[in-house]
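Start at 1 with the first residue, then count along the sequence.
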Amino acid sequence: TVAHGRHLPQSLTGNLEIFLQLAADFGPRMVVFYNGPRCGASAPDHLHFQVAPAGLMPVEQELREPGVRADGKKRGAAEIWRSKGIGRGVIVIEGGCAADVAAAFDEVMRALRGSVPPADEPMMNVFCTHSGEGWRLMIFPRLKHRPDAYEREGEGRLSVSPGAVEMGGVFITHRE
């Protein structure tokens, strides 16, 4: 966990530069991730990111598979595309220029904000990697904090409150 030195709300909006710089500083062997304030394992009242070794999240490989890219478009030196066929929606931004990646991220945030009050950040989980040549942001838009199965009783209950790790394909549970 990498926490901000000041007590700030959990928000990637306005802090993307720090997020991108952390990914560049940690390099290709690590992935930096972010849980929105209402999206899984988060502390909504304190800005923080998390870091793990690259390659542990199945989504990292899934997004490299042939045929997974859909609807790509260029924004400056960055490309925005979405996934298809991997069981969950991912918006991917790739680029070698931090300013262009940030501009593409702002465009995606404007599109996602259509469903939330203007002062709120869209619900999302985000991974960021840096290859040494550029960044890859993997954005998981969210409709709600927890799946319906979280509230079920008995055998149908799935007590997972998905955060970035779960959206990445690794489920951490406290019960079998």
Considering residues at least two apart in sequence or located in another chain, which fulfil the ring-ring contact (aromatic ring centres under 6.0 Å, His included) criterion with F26?
->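 Checked F26 against ring-ring contact (aromatic ring centres under 6.0 Å, His included); zero matches.
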Partners meeting ring-ring contact (aromatic ring centres under 6.0 Å, His included) with F105 (sequence neighbours left out) |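 Here no residue qualifies.
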With [X], which residues qualify under side chain to side chain contact (heavy atoms under 4.5 Å, CB included), at least two apart?
X    : value
R29  : none
S131 : E133
A3   : H46, H48
A102 : L16

Taking atom CD of E17 as the centre, does the number of heavy atoms from other residues, nucleotides or ligands within less than 6.0 Å exceed 12?
->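 Not more than 12 within 6.0 Å, no.
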Heavy-atom donor-acceptor pair, [X] side chain to [Y] backbone, under 3.5 Å:
X    : Y    : answer
E121 : L12  : yes
Q50  : F33  : no
W135 : V101 : no

Before giving the answer on side-chain contact (heavy atoms from CB on, under 4.5 Å), spell out for R69 and V92 the whole-Å C-alpha distance, their side-chain angles and the decisive distance to 0.1 Å.
-> CA-CA 9 Å; R69 287 177 178 247; V92 180; over 6 Å; no
Could you check I91 against M124 for side-chain contact (heavy atoms from CB on, under 4.5 Å), going step by step and ending with a plain yes or no?
-> CA-CA 10 Å; I91 299 168; M124 66 182 163; over 6 Å; no
Correct closest heavy-atom pair for L56 and P58 would be O-CD, 3.5 Å
Kindly give the heavy-atom pair with the smallest separation between A23 and H130, and that separation in Å.
-> O-CB, 3.4 Å
Could you walk me through whether L47 and R6 pass side-chain contact (heavy atoms from CB on, under 4.5 Å), step by step?
-> CA-CA 8 Å; L47 177 61; R6 293 190 335 226; over 6 Å; no
Would you mind reporting whether [Y] and [X] have side-chain heavy atoms less than 4.5 Å apart?
X    : Y    : answer
V51  : L22  : no
L137 : L20  : yes
Y34  : Q10  : yes
M109 : P122 : yes

Atom pairs and distances, donor-acceptor, side-chain atoms in residues 80-89, under 3.5 Å, two or more places apart:
residue: W81; atom: NE1; partner: E94; partner atom: OE1; Å: 3.1
residue: R82; atom: NE; partner: D71; partner atom: OD2; Å: 2.6
residue: R82; atom: NH2; partner: D71; partner atom: OD2; Å: 2.9
residue: S83; atom: OG; partner: R88; partner atom: O; Å: 3.4
residue: S83; atom: OG; partner: V90; partner atom: N; Å: 3.0
residue: R88; atom: NE; partner: M167; partner atom: O; Å: 2.5
residue: R88; atom: NH1; partner: E62; partner atom: OE1; Å: 3.3
residue: R88; atom: NH1; partner: I86; partner atom: O; Å: 2.9
residue: R88; atom: NH2; partner: E62; partner atom: OE1; Å: 2.6
residue: R88; atom: NH2; partner: M167; partner atom: O; Å: 3.4

May I ask you to decide if the ring planes of F49 and F19 are parallel, tilted or perpendicular, using 30° and 60° as cut-offs?
-> tilted
Go through the structure and list residues passing side-chain hydrogen bond (donor to acceptor under 3.5 Å, both in side chains) with E107, not counting sequence neighbours.
->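 E107: side-chain hydrogen bond (donor to acceptor under 3.5 Å, both in side chains) contacts with K73, R75.
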Does D25 have any side-chain hydrogen bond (donor to acceptor under 3.5 Å, both in side chains) partners at least two apart in sequence or in another chain, and if so, which?
->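 For D25, the residues satisfying side-chain hydrogen bond (donor to acceptor under 3.5 Å, both in side chains) (neighbours in sequence not counted) are Q21.
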